[in-house]
Amino acid sequence: MTTDAVIVRPDDMRYDGLVRGNNFRFAGRPDEIRVAATTAQVAAAVGEAARSGRRIAVRSGGHCFENLTANPDVRILLDVSPMDAVGYDRDRRAFFVEPGATLGEVYRALFTGWGVTIPAGGCPEVGAGGHFAGGGYGALSRRHGSVVDHLYGVEVVVAGRDGRARTVVATREPGDPNRDLWWAHTGGGGGNFGVVTRYWLRSPGATGADPSTLLPASPARMSQRVLIWTWEAMTEAALTGLMRAFGTWHERHSAPDDPATALYGILEASYRSGGTIMLVAQIDADVPGAHDMVEDFLTEVTAGMPAPVADIPATMPWLHRMTWPGSGEPGDVLTRRYKLKAAYLRRSLTDAQLATVHRYLCDESGRSGGGVLLIGYGGRVGDVAPEATAIAQRQAVMKAVYQSVWADEREDAVNLDWVRRLYRDVYAETGGVPVEDGSYINYADADLADPAWNTSGVSAQELYYGDNYPRLRRIKARWDPRGLFRHALSIEAV
């Protein structure tokens, strides 16, 4: 293997194929794309950026919702996708994951080698690099917490005040002098402190040297039920009642010790023109009482609803569902233009908010790719103190996503306007943003830093990090004193 990173410049035929990430709305024009396969190559790129004063951004899977890595000011795009190894580190008694490994690759390697897993997301093409740093959650989070609740350590390339790049290992061990750098990566988001070149994972309290006991055991099978309604039978009372019941169920069943934390629910209401309403329940098929949990959930949430046009039960290998290509992707190869906005929820949306959602889903502006998702959360996530990791919103029981997905660049303005107004009006009582509950940094939304859309007086960083933000600012000052790593939502040093 060459000792130097692959460098691709604008005159290279590979440039256009590598410069764009998953969201086709954004494509920067960096001086060069450095494709790094080793920590040494990452350090060389970071050092070069610091010496030359050129702005650098790092990309692993390329699924950033905003232009945080595709900003026109970025001159060096550091692509770490070749760093995709997953394995077991005997010396640290922890599993290592390099940042370029996709979630599907992580699931497959952990399952095949040791029968274990992590509670990460359901989009198998997402890179571990940014997903882990932002906290990470998915179908098993109600049962096992966030990904970073199992994070033992990180290897990070940082740049000192003198501009020299160095590689630092930071762990959660109480006596580790670099522990604050580990803490910053338990939900502090990517692109803030340095470039992560390796993660180590081991569940807290796990003992012994048997790798199969150091992370949660992987389910063998997933049981899933999908109910689908068309808009023809969906009145405003029916839709708002369904969304309210979904929220109320999560308010009642999100304590860490509630048996129903084994169940993961998603409710998606798509735009009326050509859309549907879909309720999904997923569960480890071998959990005692799994069938009854799903039945009780569906019965409670759909009480008073018209009969669905489809009721699709399925049981499948867990690995098959979590690694199926394209699962959870916004659009396809031709429709990767999207805007997502998000919020944590500690309780159901209010009646006024639900009425606003219904009004926007039924307007006549033709946003066939628009929709709102409510996603189950809580459970074991709430068993961790807000200050124990950088994730402050530990009392949330759901996440809400407001989105629009489209194909044609000419439709950018109308789609962006629709989803921005929807979000602003849902949170009209708090300045157009979710001040009470905050938001999730991995669902990056640059509008939160725009006073045209955020009139709350609360910064984007405070919405993402809550009371943990002052500590993150101090860590930023220590580990990135030059401000080399920055973007529209980045942490500002003290």
Side-chain angles (χ1 to χ4, degrees), residues 22-26 65 122-123 226-247 265-280 301-302 304-312 326-343 345 348-375 398-428 432 443 445 447 453:
N22 183 266
N23 191 344
F24 284 10
R25 284 177 56 212
F26 306 114
F65 290 174
C123 303
V226 179
L227 305 186
I228 300 174
W229 293 266
T230 62
W231 274 97
E232 283 71 21
M234 190 61 61
T235 64
E236 178 176 356
L239 176 62
T240 58
L242 178 65
M243 297 181 76
R244 185 184 302 107
F246 184 91
I266 302 173
L267 175 59
E268 180 176 6
S270 298
Y271 190 77
R272 185 180 187 108
S273 175
T276 61
I277 293 88
M278 181 172 65
L279 177 63
V280 180
V301 172
T302 64
M305 287 288 295
V309 297
D311 182 345
I312 308 169
S327 297
E329 291 289 309
D332 57 31
V333 70
L334 297 178
T335 60
R336 288 183 182 168
R337 305 184 75 82
Y338 51 89
K339 172 70 175 180
L340 282 80
K341 303 172 74 68
L345 295 173
S348 176
L349 293 171
T350 67
D351 289 349
Q353 289 174 319
L354 291 170
T356 298
V357 168
H358 181 267
R359 174 164 56 87
Y360 272 86
L361 291 177
C362 293
D363 76 13
E364 297 181 357
S365 61
R367 303 283 61 75
S368 60
V372 176
L373 289 83
L374 299 178
I375 305 168
M398 291 177 290
K399 297 191 183 189
V401 175
Y402 309 83
Q403 67 180 19
S404 194
V405 182
W406 64 100
D408 193 331
E409 183 178 359
R410 293 170 296 182
E411 297 178 352
D412 283 4
V414 68
N415 278 277
L416 290 169
D417 180 64
W418 180 85
V419 72
R420 283 168 168 162
R421 287 187 294 108
L422 163 63
Y423 190 80
R424 178 199 63 194
D425 290 354
V426 167
Y427 299 103
Y443 293 159
D445 177 10
D447 295 344
W453 296 104

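Position 1 is the first residue of the sequence; numbering continues from there. This one's a predicted model, so the numbers in the text were calculated from it and none came from an experiment.
The distance from atom OG1 of Thr350 to atom CG of Leu354, rounded to the nearest 0.5 Å, is 6.5 Å. Expressed to the nearest 0.5 Å, how far CH2 of Trp231 lies from SG of Cys362 amounts to 4.0 Å. Ile228 contributes atom CD1, which lies 10.5 Å from atom CD1 of Ile277 (distance to the nearest 0.5 angstrom). Atom OH in Tyr427 sits 6.0 Å away from atom CD in Gln353 (nearest 0.5 Å). Taking CG of Leu227 as the reference point, atom CG of Leu242 lies at 9.0 Å (rounded to 0.5 Å). His358 contributes atom NE2, which lies 7.0 Å from atom OG1 of Thr235 (distance to the nearest 0.5 angstrom).
The aromatic rings of Tyr360 and Trp418 sit perpendicular to each other, their planes meeting at more than 60°, with 30° as the lower class boundary.
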Exercise for review: Start with the C-alpha gap between Val426 and Val372, add the side-chain angles, then the distance that decides, and say whether side chain to side chain contact (heavy atoms under 4.5 Å, CB included) holds.
Suggested key: CA-CA 11 Å; Val426 167; Val372 176; over 6 Å; no

Exercise for review: Just do the side chain to side chain contact (heavy atoms under 4.5 Å, CB included) check on Thr276 and Val309 with the steps written out, would you?
Suggested key: CA-CA 10 Å; Thr276 61; Val309 297; over 6 Å; no

Point to revise | From CA spacing to verdict: side chain to side chain contact (heavy atoms under 4.5 Å, CB included), Arg25, Phe65 | key: CA-CA 9 Å; Arg25 284 177 56 212; Phe65 290 174; over 6 Å; no

Practice item. List the steps, then state whether side chain to side chain contact (heavy atoms under 4.5 Å, CB included) holds for Leu239 with Leu361. Key: CA-CA 11 Å; Leu239 176 62; Leu361 291 177; 4.1 Å; yes

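Of all the heavy atoms in Val301 and Ala245, the pair that sits closest is O-CB, 3.4 Å. Counting all heavy atoms, side chain and backbone alike, Gly247 lies closest to Ser348 at CA-CB, 3.9 Å. Minimum interatomic distance between Ser270 and Gly275 (heavy atoms only, all atoms of both residues): CB-CA, 3.9 Å.
The closest side-chain heavy-atom distance from Arg244 to Asp351 is below 4.5 Å. Inter-residue side-chain proximity for Trp406 and Val414 is flagged as unmet; no heavy-atom pair is nearer than 4.5 Å.
For Phe246, the ring pair (Phe, Tyr, Trp, His ring centres under 6.0 Å) partners two or more places apart in sequence, or in a different chain, are His250.
Among residues at least two apart or in separate chains, there is no salt bridge (charged side-chain N to carboxylate O under 4.0 Å, His left out) pair with a member in residues 265-278.
When atom types are taken as modelled, the side chain of Tyr402 and the backbone of Gly370 share no donor-acceptor pair closer than 3.5 angstrom. Side chain of Tyr423 to main chain of Ala342: a donor-acceptor pair is present (N/O by atom type, distance under 3.5 Å, no hydrogens or angles). Remark: side-chain polar atoms of Arg337 are not paired, donor with acceptor, to backbone N or O of Ala407 under 3.5 angstrom.
For the pairing with Arg420, the side-chain hydrogen bond (donor to acceptor under 3.5 Å, both in side chains) check across Asp447, Asn415, Asp425 returns one residue only, Asp447.
The closest side-chain donor-acceptor pair between Trp453 and Asp445, if any, does not fall under 3.5 angstrom.
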